[in-house]
4 protein chains.
Amino acid sequence: MQKQHQSRAERTKRNIIAAAAELFAERGFEAVTMREIAARAGCSHTAIYLYFTDKETLLQHISMPPLQELREELAGILANDAAPEAQLNGICMTWIRFCLSHRNLYDVIFNVGAERVDEKDPKLEMNRLRNELFGMLMQAMRGCLPPGTGEERLLACTRIMFYMAYGIVGTYRHSPESLDELMARLGPTFRDAFRALLIGFNAIIEEGGNGG
Amino acid sequence: MQKQHQSRAERTKRNIIAAAAELFAERGFEAVTMREIAARAGCSHTAIYLYFTDKETLLQHISMPPLQELREELAGILANDAAPEAQLNGICMTWIRFCLSHRNLYDVIFNVGAERVDEKDPKLEMNRLRNELFGMLMQAMRGCLPPGTGEERLLACTRIMFYMAYGIVGTYRHSPESLDELMARLGPTFRDAFRALLIGFNAIIEEGGNGG
Amino acid sequence: MQKQHQSRAERTKRNIIAAAAELFAERGFEAVTMREIAARAGCSHTAIYLYFTDKETLLQHISMPPLQELREELAGILANDAAPEAQLNGICMTWIRFCLSHRNLYDVIFNVGAERVDEKDPKLEMNRLRNELFGMLMQAMRGCLPPGTGEERLLACTRIMFYMAYGIVGTYRHSPESLDELMARLGPTFRDAFRALLIGFNAIIEEGGNGG
Amino acid sequence: MQKQHQSRAERTKRNIIAAAAELFAERGFEAVTMREIAARAGCSHTAIYLYFTDKETLLQHISMPPLQELREELAGILANDAAPEAQLNGICMTWIRFCLSHRNLYDVIFNVGAERVDEKDPKLEMNRLRNELFGMLMQAMRGCLPPGTGEERLLACTRIMFYMAYGIVGTYRHSPESLDELMARLGPTFRDAFRALLIGFNAIIEEGGNGG
DNA sequence: TATGAATGAGAGTTCATTCAT
DNA sequence: AATGAATGAACTCTCATTCAT
């Protein structure tokens, strides 16, 4: 009997999460109302409040797991013994694959409430996670620049690398092509993008006397 | 008299458009209320409905001119006699400045979301414009790559350049910083981004025997 | 077993009453939720409905005991052999302490508002109690006025004494300070209030030839 | 035409105020909903927000005029050349008359949002006014105590005087008797109450060496 | 006996929009 | 041409209460 209760609750909670994820993805966080979510989840709008304190919290519950998954994947890449360039490339490609395979939630995860990627203040757990991701990218970047490159330069290069990843994802976010189709068609281009940046960074740093 | 009336009406209409454009750009479509627009336009909120059937329509009337302005600016850059690299850089930076100064407007105009599915044309209109812009970028790109670079390669490089611009804009779309603050803080980084790509492209093409 | 069940049920019921009494007293009837009561009572909120049809009924079950307790305390004071002034002071201070420690409960029980018009008895019940209390106060008062003071005079003095008590309670009914804080800060003032009245009464009666 | 607009607006506003005053008096501030007020005022609930920022503000608009009226009456008494005792008595009696003639709004005016009568922080305009009233009472009190009475003592005596007034009003707040009937029947008792307090205060202060 | 799950009515408030002038 | 007055639908969120077990 307890079990029945539990499973029912879990089912409802899952329904809510699924409905919210769909709706947020379809029409954006702000445009979706709690009542709509409830309607699609097949429960009353007040039931949502049994499982989530408020709308924002609901969003976070949806966004967190994928982000954590991504973090762990990236951490795995950083932990292996590959060459720095291979690591960086792995990070970038994984990042892209991730974002494109969570396309629908992308907006919600990356744009709601985020102000700067390199922001310090970790208001929300989500922002903290985003920053952690950025930190991983920076770590990978460090190994690919000339030794002695200043921190400021490193930060700038990481930012640029981030722009690139962000831009790729943004460009194909609404594409009807599947992740695999996309990667088959454009994977080499993406790879070239990161390689070109790396080459350019090193050239600029060398020429500039690798200062800060 | 008739004329005076007409001109007064036109003035009011222009005021409304100007006010709405400013406010939408400053704070986003949804966040702005009709009463605020009216206040800034110096008329009553009901007057807006004399000229525009609703808020959405008002937005559409606002969206086109800036886009055309952008296209003309970019065309102007392509038409001048500056060095290819300067042209390319000008195109990229102008594009970024444009998008960041029309930030929230940008959101609405450029992000073809699911809620627009039932609309007549905006998706196509936008894609047409995007393609036009992309063509200009490609044209500028051509002058910056080694002579004899194949079309496929050129296309790939242009795409990558586009990703970068797109990524920069996407990253700072929701930033609270003004355009000027943003450019002061990050302008050099943006410039470096495009330079690094160009350097990288040339290196890759050279090494690869500039094939198609 | 039957007995165990019964005693368990009774215990739960008592817990609920105790919890509700505390919470109503602490924060007022309206501000307290059934879930809070249940939490403090150590049962689920639905269990409350096993014992009380609704929140209002629960309140009614809570109201009487403290009032009876007060009456008995006052009777005890009247029954002891202390000096009349001590008795009177005891009555007044006890009354104040009672009302201020049942502050929000007091609100509901004592303030016969318009919303109670359709109830059966509370107005009368309350008035009965008020009168009883008033009678006790008058009894204590009698011992503190010059012998031979007329009944009318006695009545007036008692009334005035009652106003004072009532006014003190009313003034601090909504104070966020606890009973103890209040008594620490203002206890001497309250005491002075009753003393001053007593002194004044006697002076007035003496001067006026202690007539009726 | 402008006039018609104006008068309509004024009528609506008056209706809202009247409806809110009635309802607040009947059932208390918290228990009344904006929609109920609107219904009784014969307008939509949103119309209320055209005239009052929120519910609290509406309450203040209702409470302020009577309070200001009272203030002016009291100020008039303080300004005349009567003996201090006469002034104090006038203040107290006026206060009582006022409260009993505004019986229905009494609760709302004096109890909503008020925490301490002698509070300093003037969060709301209403609290400021209440404090001003208290200040007037204190000023009148000062003239009736022995010269050299400390401020603390003065404050305590004023508080006590206030309790008395408050208690009288509270006691007869729900009485069916009219103001005049009440004053005819109990006016002398009220007068005695204040006199007795004054006599008592002076006695206590003398005996205690009129310290602080 | 007792509970976790779920609900409906309703709170204050906002805003695009319409009506009457 | 223009406006002040007014509205209704919708928002997030709360809570006493009921249902199913």
Side-chain angles (χ1 to χ4, degrees), chain A residues 1-13 30-38 42-56 58, chain B residues 4-6 8-13 30-38 43-56 58, chain C residues 4-6 8-9 12-13 30-38 43-56 58, chain D residues 1-13 30-38 42-56 58:
Chain A
M1 0 199 142
Q2 184 126 359
K3 252 191 183 158
Q4 284 186 25
H5 272 307
Q6 255 183 16
S7 74
R8 185 179 175 194
E10 272 167 28
R11 205 179 332 124
T12 303
K13 188 171 180 177
E30 309 248 304
V32 172
T33 76
M34 295 301 257
R35 283 178 156 84
E36 281 174 313
I37 296 171
C43 67
S44 81
H45 64 281
T46 55
I48 302 180
Y49 291 95
L50 290 176
Y51 301 101
F52 307 95
T53 331
D54 55 16
K55 205 183 173 189
E56 192 93 10
L58 176 52
Chain B
Q4 275 207 351
H5 267 230
Q6 235 185 24
R8 183 179 170 195
E10 271 171 25
R11 206 174 337 120
T12 303
K13 188 171 179 178
E30 310 247 305
V32 172
T33 73
M34 295 299 258
R35 286 183 144 82
E36 284 173 313
I37 296 171
C43 66
S44 84
H45 59 282
T46 53
I48 301 180
Y49 291 93
L50 295 175
Y51 302 101
F52 308 94
T53 42
D54 57 16
K55 208 184 172 188
E56 192 93 9
L58 176 54
Chain C
Q4 275 206 351
H5 268 229
Q6 234 184 26
R8 184 178 169 196
T12 303
K13 188 171 179 177
E30 309 246 305
V32 172
T33 74
M34 293 301 257
R35 286 183 145 82
E36 283 173 312
I37 295 170
C43 67
S44 84
H45 58 282
T46 54
I48 301 179
Y49 291 92
L50 295 175
Y51 301 102
F52 307 94
T53 42
D54 57 15
K55 207 182 171 189
E56 192 93 10
L58 176 53
Chain D
M1 354 196 146
Q2 182 123 1
K3 250 189 183 161
Q4 283 188 25
H5 273 306
Q6 256 185 18
S7 74
R8 185 180 174 192
E10 271 169 28
R11 207 181 330 125
T12 303
K13 188 171 180 178
E30 309 248 303
V32 172
T33 75
M34 295 300 259
R35 286 175 160 83
E36 282 173 314
I37 296 171
C43 64
S44 82
H45 62 281
T46 54
I48 301 179
Y49 291 93
L50 290 176
Y51 302 100
F52 307 96
T53 328
D54 55 16
K55 206 183 173 190
E56 192 93 12
L58 176 53

Please state how far atom [atom1] in [X] lies from atom [atom2] in [N], giving the value in whole angstrom units.
| X | N | atom1 | atom2 | answer |
| --- | --- | --- | --- | --- |
| Glu36(C) | dC15(F) | CD | P | 8 Å |
| Glu30(C) | dT14(F) | CD | C1' | 13 Å |
| Phe52(B) | dA2(F) | CZ | P | 12 Å |
| Met34(A) | dC11(F) | CE | C1' | 11 Å |
| Ile48(D) | dT7(F) | CD1 | C1' | 13 Å |
| Glu10(D) | dG4(F) | CD | P | 15 Å |
| Asp54(C) | dT18(F) | CG | C1' | 13 Å |
| Arg11(B) | dA2(F) | CZ | C1' | 14 Å |

**OP:** Would you mind reporting whether Ile37(A) and Leu58(A) have side-chain heavy atoms less than 4.5 Å apart?
**Re:** yes
Subject >> Which residue lies more 5' along DNA chain E, comparing Thr33(D) with Gly42(A) via nearest heavy atoms >> reply: Gly42(A)
Original post:
Pick the nucleotide of DNA chain E nearest each of Tyr51(A) and Thr53(D); which residue has the one closer to the 5' end?
Top reply: Tyr51(A)
Original post:
On a plain distance test, is the side chain of His45(B) in donor-acceptor contact with the base of dA5(F) below 3.5 Å?
Top reply: yes
Original post:
Through what angle, rounded to 10 degrees, does the axis of the helix from dA2(E)-dT21(F) to dT21(E)-dA2(F) turn between its ends, using five pairs per end?
Top reply: 40°
**OP:** Just call it for Thr46(B): base, sugar-phosphate, or nothing, with non-hydrogen atoms closer than 4.0 Å on any strand.
**Re:** base
**OP:** Mind checking Ala47(B) for me? I need base, sugar-phosphate or nothing, with any heavy atom below 4.0 Å counting as a touch.
**Re:** base
**OP:** Quick one: list whatever passes side chain to side chain donor-acceptor pair (under 3.5 Å) with Arg35(C), sequence neighbours left out.
**Re:** His45(C)
Original post:
With sequence neighbours excluded, what pairs up with Thr53(A) under the side chain to side chain donor-acceptor pair (under 3.5 Å) test?
Top reply: none
Original post:
Closer to the 5' end of DNA chain F via nearest nucleotide, is it Leu50(D) or Thr12(B)?
Top reply: Thr12(B)
Original post:
Of Tyr49(A) and Arg35(B), whose closest DNA chain F nucleotide lies nearer the 5' terminus?
Top reply: Arg35(B)
Original post:
Which residues satisfy the salt bridge (charged side-chain N to carboxylate O under 4.0 Å, His left out) test with Glu10(D), sequence neighbours excluded?
Top reply: none
Original post:
Can you name the salt bridge (charged side-chain N to carboxylate O under 4.0 Å, His left out) partners of Glu36(A), sequence neighbours left out?
Top reply: Arg27(A)
Subject >> Contacts of Tyr49(D) that satisfy ring pair (Phe, Tyr, Trp, His ring centres under 6.0 Å) - sequence neighbours left out >> reply: none
Subject >> From CG (Leu50(D)) to NZ (Lys13(D)), nearest 0.5 Å >> reply: 11.0 Å
Original post:
For dA2(F), does either OP1 or OP2 sit under 4.0 Å from a side-chain N or O belonging to Arg8(B)?
Top reply: yes
